[in-house]
Amino acid sequence: MAKGYWLMKSEPDVFSIDDLAKVEREPWDGIRNYQARNFMRDTMRVGDGVLFYHSNGGKLGTGIVGVAEVVSEGYADYTAWDAESKYFDGKASEANPIWVMVDVRFVEKFDEILTLSDLKGNAELSGMLVVRRGQRLSIQPVDEEDFARVLKLGRGKG
DNA sequence: GCCAACGTTGGC
DNA sequence: GCCAACGTTGGC
């Protein structure tokens, strides 16, 4: 099967690309949106490429900051039935997990952030979901061509 | 901090 | 099954 490509959003205050670089590998927990869950459960495969996006970046800026890789199939997000977790969901249980996560691993960090306005200003990237107004989905599929373009831009910027 | 966009919930 | 109210996301 062909390799898949994704964009995954994270607030750098909560979990940044530097955090991922430190831990090397991380369960992408806390996704509580059905569409995003379905991508992880049904479509993501080990080896898929991930654009790491900082949302609500504040001083750090908002945009794509590097690359990660999917390193597990989807599995139950156990934070959903952990009453201590901020991602707790009373309807989920070990028998009925509802929510799914995958593990990702750090691949590379761009020398400079590729900001949202960079992306919006590039006509070649106009098909990307992330440049669309009001697009809140935290896990988005990315075309192979767009993934390659972003990689080139991100590596070329520093 | 504001607020537009949009997903989810719940009354009917 | 509709849809208004509500809560959250996320850019600015």
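So that the names make sense, note that chain A is the first sequence line, chain B the second, and so on, each numbered from 1.
- Side-chain N/O atoms of A:Tyr53 include one lying less than 4.0 angstrom from OP1 or OP2 on C:dG11.
- Side chain of A:Arg32 to main chain of A:Tyr87: a donor-acceptor pair is present (N/O by atom type, distance under 3.5 Å, no hydrogens or angles).
- Straight-line distance from the CD1 atom of A:Ile64 to the C1' atom of C:dG10: 15 Å, rounded to whole Å.
- Annotation: the span from A:Met8 atom CE to A:Met40 atom CE amounts to 6.0 Å, rounded to 0.5 Å.
- Going from atom CD of A:Gln35 over to atom C1' of B:dA5 covers 14 Å, rounded to whole Å.
- In terms of phosphate contacts, A:Lys9 brings a side-chain nitrogen or oxygen within less than 4.0 Å of OP1 or OP2 of C:dG10.
- Under the 4.0 Å criterion applied to side-chain N and carboxylate O atoms, A:Glu144 and A:Lys3 are not assigned as salt-bridge partners.
- Rounded to whole angstrom, the span from the CD atom of A:Gln135 across to the C1' atom of B:dG7 amounts to 12 Å.
- Atom CG in A:Asp13 sits roughly 15 Å away from atom C1' in C:dG11 (whole-Å rounding).
- As a whole-Å value, the separation of A:Gln140 CD from B:dC6 P is 12 Å.
- We find that A:Glu24 and A:Arg105 are not joined by a salt bridge, their nearest charged nitrogen and carboxylate oxygen being 4.0 Å or further apart.
- In this structure, A:Trp28 and A:Phe52 have perpendicular ring planes: the angle between them is above 60°, well past the 30° mark.
- Whole-Å rounding puts the A:His54 NE2 to C:dT9 P distance at 17 Å.
- A residue-by-residue look at A:Arg32 and A:Arg133 shows that A:Arg133 has its nearest nucleotide of DNA chain B further toward the 5' end.
- The nearest whole Å value for the distance from the NZ atom in A:Lys86 to the C1' atom in C:dG7 is 17 Å.
- For the pair A:Asn56 and A:Lys91, nearest-nucleotide mapping onto DNA chain B gives the more 5' position to A:Asn56.
- Whole-Å rounding puts the A:Arg132 CZ to B:dC6 C1' distance at 15 Å.
- Considering only side-chain atoms of A:Thr62, the nucleotide from C:dT8, C:dG11, C:dG10 that sits closest is C:dG11.
- Nearest to the side-chain atoms of A:Asn33 among the listed nucleotides B:dT8, B:dA5, C:dG10 stands B:dT8.
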